[in-house]
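Every chain is numbered from 1 and lettered A, B, ... according to where its sequence line falls, protein lines coming before strand lines.
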Amino acid sequence: MKKFESKKRHVLPGDFITTAPLRLQGNVVLEGKRVIATSIGLSDVSADSVRVIPLTGVYLPKIDDLVIGTIQYIFGNSWFADINSCYQGMLLGQDVFGRGSYPTTSEMKERLDNGDIIYAKIANSDRQREPLISIADQSLGKIDSGELVKISPTKIPRLIGKHGSMIQSIEASTNATITVGQNGVIVVSCDETNGLLKALAAIRMVDEQAHLVNLTDKVKKMLESDGV
Amino acid sequence: MGGREANVVLLDENGIRSDGRKVNETRKVTIKAGVLKNANGSAYIEFGGNKILAGVFGPRDVHPKHMSNPDTGILRVRYHMEPFSVGERKKPAPSRREIEISKVIKEALEPAVMLEKFPRTAVDVFLEVLQADGGTRCAALDAASVALADAGIPMRDLVCACASGKAADTLILDVNNEEDQAGQADMPIGYMPNLGKITLLQLDGVLTADEYKKCIELGLEGCKQVYEIQKNALREKYFSSGDKD
């Protein structure tokens with residue numbers, strides 16, 4: 001499965017990639033002078049950096065990622081949300097009520113209660129504590145309706161497609177609004193049931209077949225057919 | 001374990017062992033990655049007569065909290081034999097041997113797994129022996145490595161393992177149950193081939209210094225053979241672009 005425009009190779013943990021003195025990005029480690037892959041995936045060597053695009057693994061929060069989370073509980077002045085990772089997202093009360101505010105638990109519960117779904121941005125992710133998330137932007141906040149779907153976080157880039165092509169083609173042919181979180185959580189809302197089912201089926205298809213060729217054509221064919 | 005013949009011929013005059021193998025031949029090994037739907041990563045191995053299932057969860061929250069480490073993730077391994085895995089029913093409670101093997105496998109995996117990337121979390125490895133026939137700790141370690149890679153846990157290298165030993169005054173590769181019972185030494189070895197480091201080394205028996213060196217070399221040969229099988233199991237799951245329904 002080689003792509004023509006770059007030297008991508010299948011790698012397993014421990015596989016040697018290069019000895020070139022490149023900047024190390026994700027999923028690689030330097031052993032002496034050799035750059036070694038640490039995950040199952042595709043090695044990607046560019047002019048100034050080297051990384052491995054992983055094919056499996058949990059979501060690790062990265063600053064500025066947009067994620068979909070579910071509020072689990074309130075503690076102190078913060079909400080804690082399940083962001084489909086080994087860490088929980090911490091949403092400060094001050095992020096919602098304004099700086100210098102000390103909202104009570106009932107005030108917080110009124111805004112966002114346990115079980116509410118939010119579209120948030122990772123504001124800060126350091127090693128000392130749980131990642132901070134924020135819903136301060138216009139497009140972020142509570143998601144009121146829709147179907148919640150979880151796929152492997154490593155398949156999200158494939159679902160979005162080059163410049164958003166895959167996700168836009170699914171939205172266009174089903175009239176659905178699809179909110180995609182980098183953490184593998186997706187919310188699909190659609191007025192027609194048929195469109196909703198088709199969109200869900202297309203997402204499932206990408207999750208199962210992301211590593212195979214001709215996925216765009218297969219998804220297109222499925223969307224154009226009448227049944228699901 | 002019952003019904004063993006008193007005079008099992010471990011090595012006949014043609015250099016053939018009791019199960020028909022040559023002295024430097026391992027038993028048949030097959031590994032399949034990703035066999036459990038609910039685990040983050042999994043693998044099933046058949047190493048000769050051994051049948052072992054490995055399931056990996058993580059990285060995930062640690063409970064109880066006091067066991068978590070603020071600087072790095074922790075690795076927890078549970079090696080367990082099913083009551084039906086051996087001839088005479090094994091009691092389900094963890095025996096001293098199972099606790100030892102759990103510890104030894106954990107220490108064999110720790111150099112490979114990059115836990116510092118996940119502070120305050122744990123990676124749990126569960127190894128269930130469904131059928132045992134000598135060399136279960138090596139087979140379990142082989143399955144655990146594949147399951148960890150399947151779960152996407154970052155690793156410096158896969159850990160492969162194979163046992164070498166001595167029976168009928170000859171160094172042999174991959175000791176089976178009969179050879180373990182009636183032989184003179186059994187040496188399980190865990191190895192990271194790309195880094196050239198041994199992570200598990202135990203010896204049960206007596207070897208001279210020279211035999212010991214040769215036994216390790218023999219064992220590493222076996223480890224490298226298993227390493228290829230581990231990699232092929234992962235390639236088959238992730239890189240084969242066969243037509244799927």
Side-chain angles (χ1 to χ4, degrees), chain A residues 1-2 8-17 26-32 34-43 51-61 72 80 82 84-88 125-131 152-155 184 205 208-215 218, chain B residues 33-34 40-42 56-62 68-73 112-114 116-123 145-160 191-197 227-228 230-245:
Chain A
M1 260 180 69
K2 284 216 171 90
K8 288 202 170 84
R9 252 192 332 122
H10 287 144
V11 286
L12 294 174
D15 280 354
F16 163 74
I17 301 176
N27 297 298
V28 285
V29 76
L30 193 62
E31 293 281 340
R34 306 162 75 225
V35 177
I36 310 269
T38 61
S39 289
I40 304 174
L42 292 167
S43 66
R51 65 175 178 145
V52 168
I53 304 164
L55 290 175
T56 173
V58 296
Y59 171 68
L60 284 184
Q72 301 267 279
F80 285 86
D82 169 15
N84 198 30
S85 172
C86 47
Y87 301 115
Q88 290 191 309
S125 179
D126 65 54
R127 293 168 59 84
Q128 308 279 24
R129 48 190 182 157
E130 306 295 272
S152 165
T154 52
K155 310 281 166 65
M205 208 179 207
E208 283 157 16
Q209 305 185 32
H211 58 295
L212 300 176
V213 291
N214 293 331
L215 182 63
K218 286 191 199 156
Chain B
N40 294 123
S42 56
V56 166
F57 289 86
R60 60 178 180 176
D61 256 349
V62 192
S68 70
N69 188 323
D71 297 317
T72 170
V113 183
M114 300 175 67
E116 59 276 7
K117 296 209 171 279
F118 308 100
R120 303 184 314 279
T121 64
V123 173
S145 298
V146 175
L148 284 166
D150 185 39
I153 313 274
M155 296 170 75
R156 294 190 174 82
D157 199 357
L158 292 175
V159 183
C160 50
Y191 184 56
M192 294 194 291
N194 274 338
L195 304 176
K197 299 211 162 113
Y227 186 59
E228 287 308 312
Q230 287 174 306
K231 293 213 289 193
N232 285 334
L234 290 169
R235 285 189 191 119
E236 199 186 302
K237 179 179 173 191
Y238 287 96
F239 301 151
S240 72
S241 44
D243 275 357
K244 287 198 177 172
D245 290 294

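- In this structure, chain A has a heavy atom under 4.5 Å from the backbone of Ala151(B), while its side chain stays farther away.
- For the residue pair Phe239(B) and Val11(A), the shortest heavy atom distance occurs at CZ-O, 3.3 Å.
- No other option in Val28(A), Leu60(A), Asn27(A), Thr154(A) has as many heavy-atom pairs under 4.5 Å with chain B as Leu60(A).
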Verdict with supporting geometry, Thr38(A) and Arg156(B), side chain to side chain contact (heavy atoms under 4.5 Å, CB included): CA-CA 5 Å; Thr38(A) 61; Arg156(B) 294 190 174 82; 5.6 Å; no

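- Contact of Met155(B) with chain A is made through backbone and side chain together, with heavy-atom distances under 4.5 Å.
- For the set Leu12(A), Val29(A), Ile36(A), the entry with the most heavy-atom pairs within less than 4.5 Å of chain B is Leu12(A).
- With a threshold of 4.5 angstrom between heavy atoms, Gln128(A) approaches chain B through N, CA, C or O but not through any side-chain atom.
- When every heavy atom of Thr56(A) is checked against every heavy atom of Asp150(B), the shortest pair comes out as OG1-O, 2.8 Å.
- Side-chain atoms of Tyr238(B) do not come within 3.5 Å of backbone N or O of His10(A) as any donor-acceptor pair.
- Heavy atoms only, all atoms of each residue included: Thr121(B) and Tyr87(A) are closest at CG2-CE2, 3.6 Å.
- Across Val52(A), Val58(A), Ile40(A), the residue that shares the most heavy-atom pairs under 4.5 angstrom with chain B is Ile40(A).
- For Glu236(B), the CD atom counts as loosely surrounded, since its 6.0 Å shell holds 12 or fewer non-hydrogen atoms of other residues, nucleotides or ligands.
- Only the backbone of Ile153(B) comes within contact range of chain A, judged by heavy atoms closer than 4.5 Å.
- Here CD of Glu31(A) is found 9.5 Å from CG of Asn194(B). Values are rounded to the nearest 0.5 Å.
- In plain terms, the two heavy atoms of Pro59(B) and Cys86(A) that are nearest each other are O-CB, 3.0 Å.
- With a threshold of 4.5 angstrom between heavy atoms, Arg129(A) approaches chain B through N, CA, C or O but not through any side-chain atom.
- No other option in Gly14(A), Ser39(A), Ser85(A) has as many heavy-atom pairs under 4.5 Å with chain B as Gly14(A).
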